[in-house]
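Chain letters run A, B, ... following the sequence lines, proteins first and then strands; every chain starts at 1.
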Protein chains: 2
Amino acid sequence: MTETPDRPDADQPDAGPLDAGRTSPGAIVPDWIAVDWGTSNLRAWAMRADGTVLAEAGSDKGMGKLSREEFEPALRELVGNWTAARSVGRTGSPLRIIACGMVGARQGWIEAPYAPVPCPPLPEGLTRAPSGPDLAVGIIPGLSQSDPADVMRGEETKVAGFLAQNPGWDGALLLPGTHPKWIQVSAGEVVGFRTSLTGELFAALSGHTVLRHSVTTEGWDEEAFLAGVADGLSRPEALAARLFSLRAESLLRGLRPEAARARLSCLLIGTDLASAKGWWLGQRVCLLGAGELARTWKAALGAQGVPLETADAEAAALAGLVAAWRRTQ
Amino acid sequence: MTETPDRPDADQPDAGPLDAGRTSPGAIVPDWIAVDWGTSNLRAWAMRADGTVLAEAGSDKGMGKLSREEFEPALRELVGNWTAARSVGRTGSPLRIIACGMVGARQGWIEAPYAPVPCPPLPEGLTRAPSGPDLAVGIIPGLSQSDPADVMRGEETKVAGFLAQNPGWDGALLLPGTHPKWIQVSAGEVVGFRTSLTGELFAALSGHTVLRHSVTTEGWDEEAFLAGVADGLSRPEALAARLFSLRAESLLRGLRPEAARARLSCLLIGTDLASAKGWWLGQRVCLLGAGELARTWKAALGAQGVPLETADAEAAALAGLVAAWRRTQ
């Protein structure tokens, strides 16, 4: 768990009475709390009513590790300091918490419904999670698509935040990840989307097949990567055979594990780009992401000559949570 | 371990002195032993010089479970009865054992070389594995292909056996399995081949990704399977997205786990058939296999109107080992 006050004076004992966010020196008293609760991680922000961030905190207690009864304790463990300080200053009304992500999945705290697209990224209605009377936890709905069948939880909030930051933006958003998503946005609505298993496929192949002998868990070979994307793009149907070829090349020609890892990644991404061509060819595209994975997709699309905009995914998630909060006021 | 004498009198104490395969009542004394040693299983046949099978035995001590020093003990454990009986009757020359399969891999008993195609399925030369002086274990070479890089170990022996049973046969052989192989045979030679990771992909996806929540480990839905093969064939590039769709359909529409399992299988097989089209479209094709997996591939190809011949893979392996034995005489 980490806790990072966002202002230099956060630990100063002389923070004066004009600081509306605090009741005692050092204590953080939010008006509400924003929560992004995914499969792997939990992030929370102590917020003022005007959308200012007072502090943020995170833990690895993602939805994937928790049973139903463990959600409330995991949240209280992370934000307990904020809720304790607040109960000293004000009593009566519960502290509002707005949450998005897999916390609303069937295996989550409580199942939040899916809103069918086309629709705005933040449809009306939050699902109230069961908790003690001092908290009022509302979960943002996911989005669903009937044909091809598809679902999202959490990404809709990033889209809402991105649109709040970029009003009137039309085009395709790419969100890399375990399950990369292409999301078509037009006139403030999510028109359609497309999720693939590409990231999880990479993990399953490099960890649980014969390729684990050929692929390293670390390291990267940029040249091998770029050479391979076009290859995956041009013959996407040959994926399963090319995967075995990686093994054969490591046996016959001593293909280095770093190069094999980059080749595996580019094969999967190139194959995915081939079938998602309609989402990026001649489209306005913005990548919402960060880190190595975002750089990888950016390089792959860059090599196809796609002029890519980029935006910060975490900032977008927070902006989306703020937009959801504002609508309840 | 199982041991199955192939003749009704095998356990009869009155087997007479005319039975050249035996020295004492009930004992089996082979002239040589045929061994098919794959990643998962070990099979052995007690053989007469003329190619008659005296007995067979099998264990699950496949190459994947053994370190280098464990191969000889695993073999002796399986065929000890045969070698013990023989040493009573004849002494001097070691007992010949001919083996094929992953036993000759880099992680096997000893690495046997690859012969580059095009070449006959059984190129000259066996690799002698280190063992006690009473045994002479020779391992059949694998085959390799340089572009696309590909390798096989064990399948070449099945091809040799199939050709021994079907002299002059030309066409494409399909060997389903963890790593399904298409093998082009012409004028008694292996001209080229193509391995895919399809079977292992199925196992990794259904066991180590989010699909494990949607796919059962047992059961089958034939209708879902046949409907899906054509689908995978027509848009093979969309595999990674269709995989996520399976998850979404189980969430949104309650797709049954048996149907999801069949859909996953047909998507992978259909995708693979799409990229292997040159191997079966307008070709003479024979499927070398058995069991559920062979039925699945047969149904998939049958639905494309491919007139499929079939042959027994185990019989082909044994015939190939016999062919290798004959050449050493």
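For A:Glu200 against B:His208, the heavy-atom pair with the smallest separation is OE2-O, 4.2 Å. The shortest non-hydrogen separation linking A:Ser250 to B:Arg106 is O-NH1, 4.3 Å. Taking every heavy atom of both residues into account, B:Val151 and A:Phe244 meet most closely at O-CE2, 3.8 Å. Closest of all the heavy-atom pairs between A:Arg194 and B:Ala241 is NH2-CB, 3.4 Å. The shortest non-hydrogen separation linking B:Ala149 to A:Glu249 is CB-CG, 3.3 Å.
Contact annotation for A:Gln145: only backbone heavy atoms (N, CA, C, O) come within less than 4.5 Å of a heavy atom of chain B. At a 4.5 Å heavy-atom cutoff, A:Leu255 makes no contact with chain B through either its backbone or its side chain. Contacts of A:Arg242 with chain B are absent, with no heavy-atom separation under 4.5 Å from either backbone or side chain. In this structure, chain B has a heavy atom under 4.5 Å from the side chain of A:Leu205, while its backbone stays farther away. Contact annotation for A:Asp272: only side-chain heavy atoms (C-beta onward) come within less than 4.5 Å of a heavy atom of chain B.
Here CG of A:Leu239 is found 9.5 Å from CG of B:Leu268. Values are rounded to the nearest 0.5 Å. Of the inter-residue distances, the one linking A:Glu237 atom CD with B:Leu273 atom CG reads 12.0 Å to the nearest 0.5 angstrom. A distance of 9.0 Å separates CZ of B:Arg247 from NE2 of A:His179, quoted to the nearest 0.5 Å.
In B:Lys61, the NZ atom is not crowded: 12 or fewer heavy atoms of neighbouring residues, nucleotides or ligands sit closer than 6.0 Å.
With contacts defined as side-chain heavy-atom distances shorter than 4.5 Å, the pair A:Leu197/B:Leu246 does not qualify.
Annotation: maximal heavy-atom pairing with chain A below 4.5 Å, among B:Ala204, B:Ser245, B:Pro236, occurs at B:Ser245. Between chain A and the residues B:Ser196, B:Ser146, B:Ser144, the largest count of heavy-atom pairs under 4.5 Å involves B:Ser196. Ranked by non-hydrogen atom pairs under 4.5 Å with chain B, the options A:Leu201, A:Thr39, A:Thr178, A:Leu251 are led by A:Leu251. Options B:Leu243, B:Thr209, B:Thr198 differ in how many heavy-atom pairs under 4.5 Å they form with chain A, and the most are formed by B:Thr209. Counting heavy-atom pairs under 4.5 Å between each of B:Gly64, B:Ala240, B:Ala274 and chain A puts B:Ala240 at the top.
Taking non-hydrogen atoms and a 4.5 Å limit, the residue list of residues 110-124 of chain B in contact with chain A, ordered by number, reads B:Tyr114.
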